[in-house]
Amino acid sequence: MTYCLAIDIGASSGRHILGHVEDGCLVFEEIYRFDNGFVKQNGSLCWDLEKLFFEVKTGIKKCAELDKIPKTIAIDTWGVDYVLLDKDKKELLPAFCYRDSRTDSVVDKAEAIVPQNILYERTGIQKMSFNTVYQLYSDKLSGKLNDAEYFLMIPDYLSYRLTGIIKNEYTNASTTGMVNAISKEWDKVIIEELGLPKHLFKELTPPASVIGGFTDEMRDFAGFDSTVIFAPSHDTASAVAATPLNDGDLYISSGTWSLIGTESKTPFITEETQNANFTNEGGMEYRFRFLKNYIGMWFLQNIRKDLKRSLTYDEMMYKAKSCTDYKYFDVNDKLFSAPDNMIEAIRTYFGEPDMELDHVLASVYHSLARSYSNALAEIERLTGRTVNDIHIVGGGSKDSYLNELTAVYTKKRVVAGPTEATAAGNMLSQLIYLKQCKNLTEARDLIKNSFDMEEIEV
């Protein structure tokens with residue numbers, strides 16, 4: 001049996017999933033799961049790299065305990081964030097989390113040098129204050145870049161820790177706001193104009209490419225060797241790879257963030273798409289993910305935390321469903337980016353300190369569904385395409401009420417699943433590397449054969 005191991009790490013949790021092909025279907029087995037999250041260090045929001053790598057290698061070791069040794073391993077994570085190494089390959093800490101506010105004061109300074117319309121024309125990436133380009137400019141102003149020799153996105157860094165080999169993967173790099181949408185390489189004009197060290201930005205490697213085998217230390221720890229490859233290392237790129245899209249279909253990758261878009265072989269870069277704040281991120285086979293980002297399950301994750309986990313997600317869903325009293329709010333308002341208490345943040349938004357929990361939850365659900373409908377209308381207008389089907393994938397696709405509301409608000413055919421789209425897309429890239437699938441089209445056929453997908457009825 002040929003096993004592959006997909007390590008899928010989100011901003012709130014990570015898991016290791018073993019997979020293999022059996023009777024024409026992809027078979028999954030989750031073997032390890034761990035919590036993830038930023039930590040506060042000296043007033044800043046940061047990632048605990050040592051804890052993160054400990055969880056990665058501990059989950060890998062589980063394979064030996066199960067006597068199921070993966071031939072290949074690949075890692076996907078969120079985008080934007082990175083690790084800098086000095087000339088001795090020592091981490092220059094802290095590794096900031098994108099939710100940290102340090103970039104708020106530097107966006108205008110960076111755009112005074114390279115205006116936003118130029119950044120967008122060259123990269124097609126939407127403006128967000130935490131984009132890597134602004135984070136790096138903040139590092140320049142603080143002097144942190146002075147000792148930096150290597151730049152690695154988070155999955156690049158974790159793969160380096162496994163192999164000792166430094167490489168940069170294309171799909172995650174595309175989230176930085178520094179990759180040229182046409183050449184699909186680092187944009188030299190942006191890098192030079194901002195005065196960022198050119199040597200940091202190495203050649204970009206596409207998904208389904210090899211990185212290398214384990215270091216001696218990792219091989220001794222795990223009890224075996226394996227080949228580490230690049231998945232589409234941005235988790236949304238992996239999720240979209242595993243979404244069985246037809247031409248013009250819409251996807252909603254529903255997790256901490258809701259990413260709503262369509263797939264295209266060419267980017268959509270116009271003044272209109274910039275004003276609508278749409279992005280063109282890189283995907284498998286250099287297909288573009290033309291999409292918009294909305295804060296998604298982050299609301300429910302934080303509300304549950306505020307309630308000290310006294311309610312399950314299903315219980316919160318039923319409370320929302322039973323409440324007919326709701327209000328709409330802007331789900332991307334900065335108030336909700338990293339609040340100490342999400343329930344209080346929503347109450348503050350409305351100026352209603354006594355707003356009932358049911359009312360808060362119902363407002364979250366309806367506001368999310370309305371944001372999906374708004375994004376759909378914009379995509380149809382900006383691309384000239386008529387959307388027939390909407391595919392909701394990822395962990396959020398298990399929320400039946402949000403799926404139902406999505407169908408109600410968009411008035412489109414909505415199909416939910418696969419839930420494990422990100423891990424599946426990660427796995428597909430390994431199968432393509434192993435030549436068990438010829439290309440993305442054949443890999444998506446495997447997804448159709450392997451997972452149940454539910455058409456939502458309203």
Quiz item: Between the main-chain N or O of F130 and the side-chain N or O of Q135, is there a donor-acceptor pair closer than 3.5 Å?
Solution: yes

Quiz item: Does any non-hydrogen side-chain atom of Y137 lie less than 4.5 Å from one of I113?
Solution: yes

Quiz item: Judged by atom type as modelled, is there a donor-acceptor pair below 3.5 Å linking the side chain of N36 to the main-chain atoms of G10?
Solution: yes

Practice problem: Give a yes or no on whether K51 atom NZ has more than 12 heavy-atom contacts from other residues, nucleotides or ligands under 6.0 Å away. | Solution: yes

Quiz item: If we only count heavy atoms from C-beta on, is the T279 to L291 side-chain gap below 4.5 Å?
Solution: yes

Quiz item: With a cut-off of under 6.0 Å to the ring centre and 45° to the axis, is K327 in cation-pi contact with F350?
Solution: yes

Quiz item: Between the main-chain N or O of E169 and the side-chain N or O of S233, is there a donor-acceptor pair closer than 3.5 Å?
Solution: no

Extract all donor-acceptor atom pairs below 3.5 Å that involve side chains of residues 239-250 and protein atoms in other chains or at least two apart in sequence.
residue : atom : partner : partner atom : Å
T243    : OG1  : A239    : O            : 2.8
D249    : OD2  : N246    : N            : 3.1
D249    : OD2  : H391    : NE2          : 3.0

Quiz item: If we ignore angles and hydrogens, is there a donor and acceptor under 3.5 Å between the side chains of Y150 and H199?
Solution: no

Quiz prompt | Non-hydrogen side-chain atoms of L300 and M342 separated by less than 4.5 Å | solution = no

Quiz item: According to the interplanar angle, ranging from 0 to 90°, do the rings of F336 and Y349 count as parallel (below 30°), tilted (30 to 60°) or perpendicular (above 60°)?
Solution: tilted

Exercise. Would you tell me whether E91 and Y157 have side-chain atoms, one donor and one acceptor, within less than 3.5 Å of each other?
Key: yes

Practice problem: May I ask you to say whether E50 pairs ionically with R161, meaning some side-chain N is under 4.0 Å from a carboxylate O? | Solution: yes

Practice problem: Applying side chain to side chain contact (heavy atoms under 4.5 Å, CB included), run through T236 and R289 and close with a yes or a no. | Solution: CA-CA 9 Å; T236 310; R289 294 173 286 121; 3.5 Å; yes

Quiz item: How would you list all residue pairs meeting ring pair (Phe, Tyr, Trp, His ring centres under 6.0 Å) that involve residues 165-190, not counting sequence neighbours?
Solution: F151-W186, Y170-Y286, W186-F201

Quiz prompt | ring-ring contact (aromatic ring centres under 6.0 Å, His included), paired with F299, selected from Y313, F329, Y365 | solution = F329

Self-check item: Test side chain to side chain donor-acceptor pair (under 3.5 Å) applied to T273 and Y120, step by step
Solution: CA-CA 9 Å; T273 62; Y120 190 82; 2.9 Å; yes

Self-check item: Point-to-point distance, once rounded to the nearest 0.5 Å, from NE2 of H234 to OG of S253
Solution: 8.5 Å

Quiz prompt | Flag for Y82-D139: side-chain donor and acceptor within less than 3.5 Å | solution = yes

Self-check item: Flag side-chain contact, heavy atom, 4.5 Å: R15 against F34
Solution: no

Quiz item: CG of L311 to CZ of R304: how many Å apart, nearest 0.5 Å?
Solution: 8.5 Å

Quiz item: Is any side-chain heavy atom of L158 closer than 4.5 Å to a side-chain heavy atom of P155?
Solution: no

Practice problem: Say whether, by atom type as modelled, one donor and one acceptor occur between the side chain of E285 and the main chain of L440 under 3.5 angstrom. | Solution: yes

Quiz item: Can you check whether G282's main-chain N or O pairs, donor with acceptor, with S174's side chain at less than 3.5 Å?
Solution: yes

Self-check item: For R99, side-chain contact (heavy atoms from CB on, under 4.5 Å) partners two or more places apart
Solution: F38, L45, C97, T256, W257, W298, S337, A338

Quiz item: Going by atom types only, do E55 and Y32 share a side-chain donor-acceptor pair under 3.5 Å?
Solution: yes

Quiz item: Does a side chain donor of either N426 or D8 reach within less than 3.5 Å of an acceptor in the other side chain?
Solution: no

Self-check item: Nearest-0.5 Å distance that lies between atom OG in S238 and atom CD in E420
Solution: 12.5 Å

Quiz item: Would the number of heavy atoms belonging to other residues, nucleotides or ligands and lying under 6.0 Å from CD of E272 be above 12?
Solution: no

Quiz item: Is it true that a side-chain atom of D81 and a backbone atom of Y98 form a donor plus acceptor pair closer than 3.5 Å?
Solution: yes

Quiz item: Have S258 and Y372 got a donor and an acceptor in their side chains that come within less than 3.5 Å?
Solution: yes

Practice problem: Given salt bridge (Lys or Arg N to Asp or Glu O under 4.0 Å), test K90 with E149 step by step and report yes or no. | Solution: CA-CA 10 Å; K90 181 177 175 56; E149 189 68 25; over 6 Å; no

Quiz item: Side chains of P418 and V393: does their closest heavy-atom pair fall under 4.5 Å?
Solution: yes

Exercise. Find out whether V133 and T176 are in side-chain contact, i.e. whether some heavy atom of one side chain is under 4.5 Å from a heavy atom of the other.
Key: no

Quiz item: Sub-3.5 Å donor-acceptor pair from the side chain of K321 to the main-chain atoms of Y401, do we have one?
Solution: no

Quiz item: Under 4.5 Å between any side-chain heavy atoms of D156 and I75, yes or no?
Solution: no

Quiz item: When you measure from the side chain of T58 to the backbone N and O of F54, does any donor-acceptor pair fall under 3.5 Å?
Solution: yes

Self-check item: Euclidean distance, N275 CG relative to K127 NZ, rounded to 0.5 Å
Solution: 12.0 Å

Self-check item: Flag, side chain of N180 to backbone of T123, donor-acceptor distance under 3.5 Å
Solution: no

Self-check item: Neighbour count above 12 (heavy atom, 6.0 Å) for E315 CD
Solution: yes

Quiz prompt | Any donor-acceptor N or O pair under 3.5 Å, side chains Q126, N280 | solution = no

Quiz item: When the ring planes of Y326 and Y328 are compared, do they come out parallel, tilted or perpendicular, using 30° and 60° as the limits?
Solution: perpendicular

Practice problem: Taking R385 for its side chain and E380 for its backbone only, find out whether a donor-acceptor pair lies under 3.5 Å. | Solution: no

